[in-house]
Amino acid sequence: MKRLLLLVITTIVVIAATPWIGARPEGEAGSFILNELRIPRTLMAAMVGGLLSMVGAVYQTLFANPLAAPSTVGTTAGAVLGALVALVLGWGTSVSGLPAVATAAFCGALVVTFLLAGLAAREQARIDDVLLMGVAISLAAGAISAGIQFTSDQVGLANVVRWTLGHLPQVGYKGIYLILPFFLLVVAVLLSQVRSLESLVAGEQLAFSQGVDVRRTRVLGLGVGALGVSAVVAWCGPIAFVGLIVPHITRRLLGTSRRLLIPGSLFCGSLFLVLCDLIGRSAIPGKEVPVGVITAALGAPTLIALIIRRRP
Amino acid sequence: MVEAELREAKVVRQGRDLIRDVNLNLTEGSMTVLVGPNGAGKSTLLRSLLGLTALDSGSATINGTPVRELGHRDRAGQIGWLPQVDEVREPINALQYVMGGRFRFGESRHDSEVAARKHLDAQGAGELADRRWHSLSGGERQRVALAGLLAQETPLVLFDEPARHLDPRHQMDLYSRIGQLASAGHGVLCVTHDIDQIHFISGEDSDVRIIGLREGSIRFECGREDATLPEKLGSLFDVRYEVVETDSRRALIPVRDHGPTR
């Protein structure tokens, strides 16, 4: 509990401090940079990182598998496929005020989510099958994506590559307003399921006999989680590794109790992505490295180190 | 008086009847031992009573209400289960495991913990509270699991081969604990194929009822002291039992039967 509190405080301090790190904002331009660029962007990173990581922690519990994450159960792949179609076809810039790419990505992710949640809700569904289906969908979507990229022209391809690296596009607060309702919904629903998720750790069937509504927890966790991830991926592209790695880092910090792990993953994810973005925008002066590159570059070695140092 | 009942219960999977025409009731204060060879449908029968497995025909009820129509917490307040397969997949400690049994109460975490410790102590497992599940020995695990089941505080309790993998002393110890549950007013249904172990279920004041299950249907039902029990068990398992009277009890020794098998 103390550690969780420490994590929460650290995260809040870092989020509050981050906009002021970097070239000192001066004058009118400086105030624009601070208020319209850095602050919304930091807030965005905090929400996106927290959401992805928390959903990852819930997926890992639901699937009883350390490799379950938004990127491995197909949500991300569905979004990428939707976005690719929009990018390559060069669809107009907006659908009722939203970028066509984001809208298409959101739809792609939702289709996959409904497929999975539908399977998970079935009486006889084994959770392993749900995960396998997610992996299969990811592979299929990946193949179609590769096909689309192969046949697209240079401009389309460049757009695709940029998008698939993951980024936190921010001017002003539009993205914040878009993601915030999803963020709040995901946090509220997933926190409401913590007790049930904790019981699942001793086995789904035992949990059922103890009074846990396993099906409801599955469908809520998977469905609402994926809904939030769909929104995030639609807006920011597939930000790699956060949903997979951060829950494992959190577990090392706070232990395996879901009561600490799930809220802890939320704050740890926020902290991780805010820091990654800070590195991304300040590592190379005058240039910006997409945040997805940083998360993968930091996340992969972290995972490897965790595995090697893993206690039996 | 809580009563769980299976009536004309039938479960079909892939064209095969896992159980069929099963009629069985379980009431508070009774002790029933369900025996049968591997694949007889014993676990399926338990799972039907719990509502984990849907029946293809017939009914599974608790106090007259179909078990699968009960609310999850309501059902968990009536009937509890110690499963055969250990599905614990993370390094939780014994206390956390037992706290799982408190889920249905929707109480504060503090209250859950107090209750869980009480039940661990009652099973002589208080000192195991902080031990990781996977570091426990087989005997310790079963004591913790029993504490978890009793923490759920249900009138009816089901056991699925609880003494599997235990050494003789722990087997005796566990079965006598299970026997005490019926004396204390629980309705107990215990699946096993350790015929000999039935005798360690002490229950002087409560009659122990033996039900034989084979190929999904009930073949016999009788008291533990029934004189024809060895014969009935013999045909259930396709072996012959020699009865040996020792100073303390009647023991059944299985011997290979060269006679024609049924």
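Letters go in sequence order (proteins before strands), and every chain restarts at 1. Side chains included, hydrogens not; waters and symmetry mates left out as well; all remaining heavy atoms used.
- By the 4.5 Å heavy-atom criterion applied to side chains, B/R89 and A/L200 are counted as neighbours.
- At a 4.5 Å heavy-atom cutoff, the contact between B/I79 and chain A is made by backbone atoms alone.
- Of all the heavy atoms in B/L50 and A/F208, the pair that sits closest is O-CE2, 3.6 Å.
- From B/R75, atom CZ reaches atom CD of A/Q210 across 10.5 Å, with rounding to the nearest 0.5 Å.
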>> Walk me through whether B/F103 and A/E198 qualify under side chain to side chain contact (heavy atoms under 4.5 Å, CB included).
In response: CA-CA 10 Å; B/F103 179 85; A/E198 197 170 6; over 6 Å; no
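- The side-chain heavy atoms of B/H72 and A/R216, taken from C-beta on, include no pair separated by under 4.5 Å.
- Contact of B/S135 with chain A is not made at all, since no heavy-atom distance falls under 4.5 Å.
- Rounded to the nearest 0.5 Å, atoms CD (A/Q205) and CD (B/E87) are 5.0 Å apart.
- Under the 3.5 Å distance criterion, with hydrogens and angles disregarded, a donor-acceptor pair is assigned to the side chains of B/S112 and A/R195.
- Counting heavy-atom pairs closer than 4.5 Å to chain A, the top residue among B/R109, B/M99, B/R73 is B/R109.
- If you measure heavy-atom distances from A/S199 to chain B, the contacts under 4.5 Å come from the side chain alone.
- Neither the backbone nor the side chain of B/R102 comes within less than 4.5 Å of any heavy atom in chain A.
- A/S209 approaches B/A76 most closely through the heavy-atom pair O-CB, 3.5 Å.
- Per-residue heavy-atom pair counts under 4.5 Å with chain A were compared for B/Q96, B/R104, B/H134, B/R47, and the maximum is reached by B/R47.
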